[in-house]
Amino acid sequence: MAKVIVGKTSDIPEGKMTHITAGGKEILVANVNGRYYATGNICTHAGAELHDGELNDKELTCPWHGSRWDITTGNLIWFPQKLQSLGSYKITVEGDTIYVEA
Ligand code: FES
């Protein structure tokens, strides 16, 4: 598992998201009320890139079919069928730099 730079804290204001590829994984990083969270960026329903979705507080809505995810855990909040978790990654902030372990 490698520690990879996501960017500067100023790059991701509150309520915003970004995405990176690290360790061969597509990872979404979001700022929820000043805290950073990282989950898988690919919807486990049909493969949408979730950074194109809508973030409201900790709830992320998939842009394709509207599944809703808890960005703080990567777990599904709502969808008509059961979907696999997005998974989550450890985030650390050192100074003004955000890192993810992937
Ligand atoms: S691809 Fe996300 S809900 Fe279908």
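This chain uses plain numbering: 1 for the first residue, then up along the sequence. Both counts, for ligands and for their atoms, begin at 1 and track the order of listing.
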Among the N, O or S atoms that His65 has, which is closest to atom 4 (Fe) of ligand 1?
ND1
Heavy-atom closest contact (Leu76 atom, Gln81 atom, distance)
CD2-O, 3.8 Å
Within the 4.0 Å heavy-atom cut-off, what Cys62 brings close to ligand 1 is side chain
Ligand-side contact atoms (ligand 1) for residue partner Ala48, heavy atom cut-off under 4.0 Å
1 (S)
For the residue pair Ile71 and Thr39, what are the closest heavy atoms and their distance?
O-CG2, 3.3 Å
Note: Ile42 and Leu86 closest approach over all heavy atoms is O-CD2, 3.6 Å
Out of all atoms in ligand 1, which are within 4.0 Å of some heavy atom of Trp64? Include the element for each.
1 (S)
Could you check whether the rings of His45 and Phe79 sit parallel, tilted or perpendicular, using 30° and 60° as the cut-offs?
tilted
Before you tell me yes or no, could you show the steps for Asn33 and Glu14 under side chain to side chain contact (heavy atoms under 4.5 Å, CB included), namely the whole-Å CA-CA distance, both residues' side-chain angles and the distance that decides it to 0.1 Å?
CA-CA 6 Å; Asn33 301 319; Glu14 275 190 35; 4.2 Å; yes
Looking at atom 4 (Fe) of ligand 1, is there an N, O or S atom belonging to His45 that lies under 2.8 Å away from it?
yes
Closer than 3.5 angstrom, by distance alone: can the side chain of Asn41 be matched with the main-chain N or O of Ile20 as a donor-acceptor pair?
no
Ligand 1 atoms in contact with Ser67 (distance to a heavy atom under 4.0 Å)
2 (Fe), 3 (S)
Strictly under 2.8 Å, is any N, O or S atom of Cys43 next to atom 4 (Fe) of ligand 1?
no
